[in-house]
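Here's the structure we're looking at; comments come further down.
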Amino acid sequence: MSVRHDWYQSDDKVVVTVLLKNAVDKNYKCEITEDSLRLTAENYELYIELLNPVVPEKSSHKATPHKVEINLIKRDFGRWATLEKKLEDVKKEVVVKSK
């Protein structure tokens with residue numbers, strides 16, 4: 001299933017919008033950790049390694065008939081250059097952690 005997502009931000013939060021129709025009927029589940037976001041539904045999974053940390057306890061999500069809107073509260077005030085870590089950054093962390 002091909003589902004589009006987009007995002008925008010303010011200095012204190014990031015909003016990720018996943019265009020997933022009837023998400024409630026598809027039993028969607030949203031998991032927010034300090035450094036990642038995972039949204040699953042029937043035949044669909046979105047996993048994002050976030051560029052910077054968020055506060056999971058203050059973050060939230062809600063489904064409407066046409067989309068799921070995820071509000072991520074930033075741990076540190078300020079703008080992000082991108083939503084996701086680059087694959088190279090993730091690989092570097094794995095190498096550093098394995099030493």
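Note that the numbering runs from 1 along the sequence shown for the chain.
- Grouping Ile, Leu, Val, Met, Phe, Trp and Tyr by side-chain contacts under 4.5 Å, direct or through others, leaves F77 on its own.
- Within the 4.5 Å cutoff, no side-chain heavy atoms of E49 are placed close to those of E84.
- Among the candidates D6, V16, L51, the single residue satisfying the side-chain contact (heavy atoms from CB on, under 4.5 Å) test with L83 is V16.
- One N or O on the side chain of K26 and one on the backbone of K21 form a donor-acceptor pair closer than 3.5 Å.
- V15 and L37 fall into different hydrophobic clusters, where Ile, Leu, Val, Met, Phe, Trp and Tyr are joined by side-chain heavy atoms under 4.5 Å apart, directly or via other members.
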Please step through side-chain contact (heavy atoms from CB on, under 4.5 Å) for the pair V14 and V54, ending with a clear verdict. CA-CA 9 Å; V14 172; V54 298; 5.8 Å; no
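- Distance check, rounded to the nearest 0.5 Å: CG of N52 to NZ of K85 gives 8.5 Å.
- Judged by distance alone, with hydrogens and angles left aside, the side-chain atoms of Q9 form a donor-acceptor pair with the main-chain N or O of W80 at under 3.5 Å.
- Annotation: the span from L20 atom CG to L46 atom CG amounts to 10.0 Å, rounded to 0.5 Å.
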Run the numbers on N27 and E42 for side-chain contact (heavy atoms from CB on, under 4.5 Å), then give the verdict. CA-CA 7 Å; N27 299 315; E42 293 173 7; 3.9 Å; yes
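- Expressed to the nearest 0.5 Å, how far CZ of R79 lies from CG of D12 amounts to 9.5 Å.
- S59 contributes a side-chain N or O that, together with a main-chain N or O of I73, makes up a donor-acceptor pair within less than 3.5 Å.
- Here the closest heavy-atom approach between residue V68 and residue A23 is recorded as CG2-CB, 3.5 Å.
- Scored by the ring pair (Phe, Tyr, Trp, His ring centres under 6.0 Å) test, H61 finds Y28 as partners (sequence neighbours excluded).
- From L19, atom CG reaches atom NZ of K67 across 8.0 Å, with rounding to the nearest 0.5 Å.
- Rounding to the nearest 0.5 angstrom, the gap separating the NZ atom in K58 from the CZ atom in R75 is 12.5 Å.
- A side-chain contact (heavy atoms from CB on, under 4.5 Å) with I32 is found for exactly one of I70, L39, V55, namely I70.
- We find the CG-OG distance between L72 and S60 to be 8.5 Å, quoted to the nearest 0.5 Å.
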